*Asks:* 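Dumping the structure here so I can ask a few things about it.
Keep in mind it's a predicted model, so treat the numbers as computed, not measured.
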Protein chains: 2
Amino acid sequence: MAHQDESRAEAAELPAHVTPRRVVIVGGGFAGLFAARALRRAPVAVTLLDRRSHHLFQPLLYQCAAGILSEGQIAQPLRAVLRRHHNVSCLLAEATDVDAGARVVHARRPDGSELALPYDDLIVAVGMRQSYFGHDEFAEHAPGMKTLNDALDIRRRLYRAFEMAETAADPEERRQWLTFALVGGGPTGVELAGQIREIAGHTLDREFRTINPAEARVLLFEGSDEVLGAFGRPLTQRAARTLESLGVELRLGTRVTGVDAHGLDVLDRDGTTTRFAARTVLWTAGVEAPPIAAALARATGAQTDRAGRIAVQPDLTLPGHPEIRVTGDVMGLDRLPGLAEVAMQTGAYAGRHVRHSVEGRKKKPRPFRYLDLGSAAYICRGRAVVKVGRLHLSGFLGWLVWLLIHLAFLTGFRSRIGAVLSWSVVFASGARRERAFGTPEGPAAGKG
Amino acid sequence: MAHQDESRAEAAELPAHVTPRRVVIVGGGFAGLFAARALRRAPVAVTLLDRRSHHLFQPLLYQCAAGILSEGQIAQPLRAVLRRHHNVSCLLAEATDVDAGARVVHARRPDGSELALPYDDLIVAVGMRQSYFGHDEFAEHAPGMKTLNDALDIRRRLYRAFEMAETAADPEERRQWLTFALVGGGPTGVELAGQIREIAGHTLDREFRTINPAEARVLLFEGSDEVLGAFGRPLTQRAARTLESLGVELRLGTRVTGVDAHGLDVLDRDGTTTRFAARTVLWTAGVEAPPIAAALARATGAQTDRAGRIAVQPDLTLPGHPEIRVTGDVMGLDRLPGLAEVAMQTGAYAGRHVRHSVEGRKKKPRPFRYLDLGSAAYICRGRAVVKVGRLHLSGFLGWLVWLLIHLAFLTGFRSRIGAVLSWSVVFASGARRERAFGTPEGPAAGKG
């Protein structure tokens, strides 16, 4: 195919008669991007495949959903991010299968036509998607929070709920529109809960004539006994107190057994099922591997865990397939958490070792070791929890550290400036710029 | 209904036992917004109805489509814009019918339920929608440019076309993805044509490995003999020269008779039909009134023109209905052009005269007279045409005046700062921030 010939030609530095080694990276999230970057100066021809044309700064996706940041502030085209990486060719296509014997990735273009991409080295960085634990029918009424589409859908649902409450003639209907249920007490659920309370109490202040947006109820359902479990005590307790002081109602130790357009059914530890009426339900409760992970496991005999994560060796390769490396959230090593930081480190590790092997280093690579730089979750303006090793921060200090971490990792100078401006305005006045939403039914016509 | 009681209560200044006059404004575009603003200090209860919750700065919609500005930079929630207008209540609902005898507007909420809104004065400002001249089946393959949804759809089609060209194995398919056809040579068609050539030649520079985006062909089809006909000579000729120097291929005196996913059929004045292969077709050729305009005409006996515009008396009221005023694009007075400026002036005129009548002024209002402040169309960076009375500007000077006009009318200080920043970056480096697009099929999962 033309693009491969071209990308080979681009992978300069080698004499023209040498065919550079072909590295296919599947997925342009943090893991795939950091793998491509680690290969920048390697004499290889990299093909980076993603079903979307953008790299998404996932840790701030909830701010796009909440109307603080625009799509472009958290998502940049992969080919723009990598434009100076002359040995990288970005392709918009979804990987559908791997032929591990012939060393070919099969992919589908958006129009349904097929691509076959031969590789010498394969780096799998496909991430995880939202899981409804076997209840995919919940998705219609309870969108997840993994993609840009998800964020725009949630933005529309959040702001439309207040609009619907304003025109509801029936008080019970109005209460239902003003009730927001979040399923999942991890960072995304906590962040969204905080955002909705801030929108209700701060952003929408004095805009409505019938309803009082500040009366909006936010219910957070979590299966375990604490929110932000990964942060450990005392941060879990401090986060719970902050959420409660914000007005978020925590329902811990609960499991959601049904979701429809008018609310959800919740089972508690006593075995009692309670119905909660809520016209907006958002789902952040679990993740599962996309189908390509199962296809890879079938093709290579690799093991997967219950969520579909692929078991790897300590150097991130698959048993019997030293040419295949699995990175990021979909990699099942040491039960590492699904954090951007893990994805970056595994991606960079995989890219580096491909480079070493191309450069002919004989030494066996050291096993991958995750360097825990800490994790952070934003709760509301001026409040965040941060854990760095034994250091636990919360409240305003936690928020300052959260701010610095996120600015450091945001891609590009312009995105940083834009985010600082948006954050300053929302912090000071509550005003959010990105509140406009289209109609869900697609192109429509006329005003009024 | 609750919201009406509330909005009456809000319309302060009157003693509690006096019921303020109820003014219903249908449509929150420039006409509706300026009508509401003109009523700010009047002792009336205003209900502003729109099927979308935002006011759209239509003149810059093409910049949202082209990836320069975000949705939030050109669309603000109506209730945020009017938050300090305490006598205005904004409702998200679509007007479906008018009972001119009972003086009630019937409307539909997004969930399909009905609202009935009694009025003492009605201001109709519903705008126009895209017309396919009886060929609504073209819409699927050739989106219009009237709504935020349209702009996001066009953004996705534009940037995806280059992605598809990059992975096309067949040279003919690749050429088709790199061919963009625009139907309609008015300001929107011209602006989009310029944007696509700039994206191809400037923004995407050095991002692709297989294709050369600068080779993208842009075809502009127009039925008359000139582009930007409303500007008159010599500006139409200068605009045509500028477009041709940008690489836009003008096909004047043509009529599009068929559109499908792979191209369009074009009839020229000789009666010859030519097929043009193009995977992206955008439609800006005509407008028609939305269904509520016909419903109003039926209810009042008002006349409509071929496009459905409602004929009004010189004071913008309907014959026999001094309580109904029609403003903006849907008003058929003196064949005024469909410009933001006309909408603003007619909206403000209608609002002002409702206020005068509430205040008990006996004098018959002077007929509406449009004060032509000029019009402007952007062609590419550093090039615009501007007509102010007998003054004709083009090139860089025209562009500077275009810039000042648009900054002056953009709503809000923050939008202005944001637009200036975005324009500076795109002018200097070609970089566009808002290039990310979701998948059209809605929420989807996993990367790669």
*Asks:* Test of understanding: with salt bridge (charged side-chain N to carboxylate O under 4.0 Å, His left out), list the residues that count as partners of A/R206, not counting sequence neighbours.
*Replies:*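 Testing A/R206 for salt bridge (charged side-chain N to carboxylate O under 4.0 Å, His left out), a comparison that skips the adjacent residues, returns none.
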*Asks:* Which region of B/T203, side chain (C-beta onward) or backbone (N, CA, C, O), has a non-hydrogen atom less than 4.5 Å from a non-hydrogen atom of chain A, or is it both or neither?
*Replies:*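 Backbone only.
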*Asks:* Can you see which heavy atom on A/G72 is nearest to which on B/E434, and at what distance?
*Replies:*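 Closest approach of A/G72 to B/E434: N-OE1, 2.8 Å.
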*Asks:* For A/H54 and B/F437, work out which heavy atoms get closest and say how close.
*Replies:*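 Closest heavy-atom pair between A/H54 and B/F437: CE1-O, 3.4 Å.
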*Asks:* Shortest non-hydrogen contact from A/S70 to B/R433?
*Replies:*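 Of all heavy-atom pairs spanning A/S70 and B/R433, the closest is OG-NH2, 3.4 Å.
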*Asks:* Can any side-chain N or O of B/R435 pair as donor or acceptor with the backbone N or O of A/P77 at less than 3.5 Å?
*Replies:*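 Pair absent, no side-chain N/O of B/R435 close to backbone of A/P77.
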*Asks:* To the closest 0.5 Å, what do you measure between CZ (A/F162) and CZ (B/R79)?
*Replies:*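 A/F162 CZ to B/R79 CZ: 11.0 Å, rounded to 0.5 Å.
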*Asks:* Whether A/E163 and B/R52 form a salt bridge (side-chain N of Lys/Arg under 4.0 Å from carboxylate O of Asp/Glu) is what I want to check.
*Replies:*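 Here B/R52 does not pair with A/E163 in a salt bridge, since their nearest N and O are not under 4.0 Å apart.
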*Asks:* So, the side chain of A/R83 versus the backbone of B/E207: is there a donor-acceptor pair under 3.5 Å, distance only?
*Replies:*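 Between the backbone of B/E207 and the side chain of A/R83 there is no qualifying donor-acceptor contact (under 3.5 Å).
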*Asks:* Suppose we screen for salt bridge (charged side-chain N to carboxylate O under 4.0 Å, His left out). Which residues come up paired with A/D205, at least two apart in sequence or across chains?
*Replies:*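 A/D205: no salt bridge (charged side-chain N to carboxylate O under 4.0 Å, His left out) contacts found.
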*Asks:* Tell me, side chain or backbone of B/L56 under 4.5 Å from chain A's heavy atoms, or both, or neither?
*Replies:*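 Neither part, no heavy atoms under 4.5 Å.
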*Asks:* Work out which heavy atom in A/E166 is nearest to a heavy atom in B/S89; give both atom names and the distance.
*Replies:*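 Smallest heavy-atom distance, with atoms named: OE2-OG, 4.2 Å.
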*Asks:* Quick one: does any side-chain atom of A/E71 pair with a main-chain N or O of B/A436 as donor and acceptor, under 3.5 Å?
*Replies:*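 Such a contact is absent between A/E71 side chain and B/A436 backbone.
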*Asks:* Given that the side chain runs from C-beta out, which part of B/R155 has a heavy atom under 4.5 Å from chain A: side chain, backbone, both or neither?
*Replies:*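 Side chain only.
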*Asks:* Answer yes or no: is there a donor N or O on one side and an acceptor on the other, between the side chain of B/R209 and the main chain of A/C90, under 3.5 Å?
*Replies:*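 The answer is no, because no donor-acceptor pair under 3.5 Å joins these two groups.
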*Asks:* What do the steps show when you test A/R109 against B/E173 for salt bridge (charged side-chain N to carboxylate O under 4.0 Å, His left out), and what is the final call?
*Replies:* CA-CA 13 Å; A/R109 297 165 73 215; B/E173 190 200 328; 3.0 Å; yes
*Asks:* Would a 4.5 Å heavy-atom cut-off, applied to side chains only, mark A/S53 and B/R160 as touching?
*Replies:*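 Counting from C-beta outward, A/S53 and B/R160 never come under 4.5 Å.
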*Asks:* Looking only at heavy atoms and a cut-off of under 4.5 Å, which of A/L152, A/L48, A/D111, A/V124 has the most pairs with chain B?
*Replies:*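 Ranked by heavy-atom pairs under 4.5 Å with chain B, first place is A/D111.
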*Asks:* Which answer fits A/I211, side chain, backbone, both or neither, if we ask what part of it has an atom under 4.5 Å from a heavy atom of chain B?
*Replies:*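 Contact with chain B is absent: no heavy atom of A/I211 under 4.5 Å.
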*Asks:* For the residue pair B/T167 and A/L92, establish whether any side-chain heavy-atom pair is separated by less than 4.5 Å.
*Replies:*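 In short, these two side chains do not touch, never coming nearer than 4.5 Å.
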